[in-house]
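Notes follow once the structure below has been shown.
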Amino acid sequence: RPHRNAGHAFNASRQNHIHRARHDGLGSELHRLLRRPALAVDGDGRNAFGQRFGSKDRVAADLTGLLLDCAAWGVADPIKLAWLDPPHTGALSAARAELTMLGALDDRGALTDVGRRLRRLPVPPRLARMIVSAAETGHAVDAAMIAAVLVERGLGGTGTDLDQRLASFARDRSRRAADMRSLALGWVKIAEDDAGKRGTRSDNPSTAARLATAYPDRIAMARGAHGQ
């Protein structure tokens with residue numbers, strides 16, 4: 001059995017990601033990384049931290065980050081790599097479809113310019129797409145604050161009205177909120193540096209319009225009756 005060393009759990013491409021996460025955000029990031037297939041290092045299906053990694057976890061795992069990493073390394077199909085615990089093909093297909101929809105991968109599975117910019121941001125690809133798009137119109141700060149509220153559970157409250165949560169987050173003077181604002185401003189700097197001269201100020205769209213760039217597949221039209 002390989003020696004259990006927590007250091008095995010962090011591949012080089014995620015080192016900076018972990019260092020940038022702080023306080024409560026670190027816990028959620030560790031949870032996400034612990035579910036990645038590359039972390040299964042023992043023959044009994046446990047990862048470097050001794051947590052079991054079962055078949056249900058492989059099906060449910062979000063592999064968008066893994067696909068972005070592989071594409072950056074020139075590997076369009078991760079299944080061709082030698083895995084201790086191979087990623088589930090269904091989860092890979094779902095991740096590939098999502099990244100293609102976001103413009104991060106082309107039809108051949110190669111990383112696009114958008115994909116390279118998304119990969120630089122330590123947030124889920126959907127939210128990274130929202131921040132990158134906002135940076136091109138001079139509104140990266142607004143998008144980053146939306147992303148902060150979405151990734152940090154309970155930030156700004158637990159209500160379903162995102163605008164109210166954003167307002168509450170803006171008023172929050174706690175250490176946790178200050179840390180998340182600082183983290184979000186770091187995302188802004190990355191996105192704006194990548195946008196360069198492409199970032200030109202325009203009218204600021206609504207929160208809903210911002211979210212539409214992250215979740216274009218979840219836009220629906222009301223059919224008239226309430227709730228439909």
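These numbers come from a predicted model, not from an experiment.
Take Ala71 and apply the side-chain contact (heavy atoms from CB on, under 4.5 Å) test, not counting sequence neighbours, and it matches Leu105, Leu111. By the side-chain contact (heavy atoms from CB on, under 4.5 Å) test, Ile79 is found to be paired with Asp77, Pro87, Thr89, Leu92, residues two or more places apart in sequence or in another chain being considered. Considering only residues two or more places apart in sequence or on other chains, Ser133 meets the side-chain hydrogen bond (donor to acceptor under 3.5 Å, both in side chains) condition with Arg129. For the side-chain contact (heavy atoms from CB on, under 4.5 Å) test, residues two or more places apart in sequence or in another chain that qualify with Ser206 are Ala208, Ala209. Every residue was checked against the side-chain hydrogen bond (donor to acceptor under 3.5 Å, both in side chains) condition with Arg181, not counting sequence neighbours, and none meets it. In this structure Asp163 satisfies the salt bridge (charged side-chain N to carboxylate O under 4.0 Å, His left out) test with no other residue, sequence neighbours excluded. Residues meeting the salt bridge (charged side-chain N to carboxylate O under 4.0 Å, His left out) test with Arg173, sequence neighbours left out: none. Scored by the side-chain contact (heavy atoms from CB on, under 4.5 Å) test, Ser174 finds Asp172, Arg176, Ala177 as partners (sequence neighbours excluded).
Grouping the Ile, Leu, Val, Met, Phe, Trp and Tyr side chains by contacts below 4.5 angstrom, directly or via other members, places Ile190 with Val141.
Within a 6.0 Å radius of CZ in Arg116, other residues, nucleotides and ligands contribute more than 12 heavy atoms.
Between Arg175 and Asp179 there is a salt bridge, since a side-chain N of the basic residue sits under 4.0 Å from a carboxylate O of the acidic one. Using a cutoff of 4.0 Å between basic side-chain nitrogens and carboxylate oxygens, Asp142 and Arg210 are not scored as salt-bridged.
To the nearest 0.5 Å, atoms CD (Gln164) and OG1 (Thr207) are separated by 11.5 Å. Rounding to the nearest 0.5 angstrom, the gap separating the CD1 atom in Ile146 from the CG atom in Leu211 is 5.5 Å. With rounding to the nearest 0.5 Å, the separation of CZ in Arg171 from CG in Leu166 is 10.5 Å. Between Asp113 atom CG and Asp106 atom CG the span is 12.0 Å, to the nearest 0.5 Å. The structure places CD of Glu136 at 10.0 Å from OG1 of Thr213, a figure rounded to the nearest 0.5 Å.
Side-chain atoms of Thr64 and Leu102, non-hydrogen and from C-beta on, never get closer than 4.5 Å to each other. Using a 4.5 Å heavy-atom cutoff, the side chains of Leu118 and Val132 are in contact. Within the 4.5 Å cutoff, no side-chain heavy atoms of Glu152 are placed close to those of Phe169. Taking 4.5 Å as the limit, some side-chain heavy atom of Leu185 sits within range of a side-chain heavy atom of Met145.
The two residues Leu67 and Pro78 come nearest to each other via the heavy atoms CD2-CG, 3.4 Å. Scanning all heavy atoms of the two residues, the minimum distance from Arg120 to Asp194 falls at NE-OD2, 2.9 Å. Heavy atoms only, all atoms of each residue included: His139 and Thr137 are closest at CD2-O, 3.1 Å. Nearest heavy-atom pair across Cys70 and Leu81 is SG-CD1, 4.0 Å. Between Ala143 and Ala134, the shortest heavy-atom contact is CB-CB, 3.5 Å. When every heavy atom of Met101 is checked against every heavy atom of Pro216, the shortest pair comes out as SD-CG, 3.9 Å.
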field: Derivation of the side-chain contact (heavy atoms from CB on, under 4.5 Å) call for Leu68 and Trp73
entry: CA-CA 9 Å; Leu68 282 177; Trp73 302 331; over 6 Å; no
- request: I would like to know whether Leu150 and Leu162 meet side-chain contact (heavy atoms from CB on, under 4.5 Å); could you show each step before the answer?
  value: CA-CA 9 Å; Leu150 292 176; Leu162 188 54; 4.2 Å; yes
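When atom types are taken as modelled, the side chain of Arg117 and the backbone of Ala191 share no donor-acceptor pair closer than 3.5 angstrom. Listed for the Thr158 side chain is no donor-acceptor partner under 3.5 Å among the backbone atoms of Gly154. Judged by distance alone, with hydrogens and angles left aside, the side-chain atoms of Trp187 form no donor-acceptor pair with the main-chain N or O of Ala148 at under 3.5 Å.
Every pair passing salt bridge (Lys or Arg N to Asp or Glu O under 4.0 Å) that includes a residue from residues 212-221 is listed here, sequence neighbours excluded: Arg126-Asp217.
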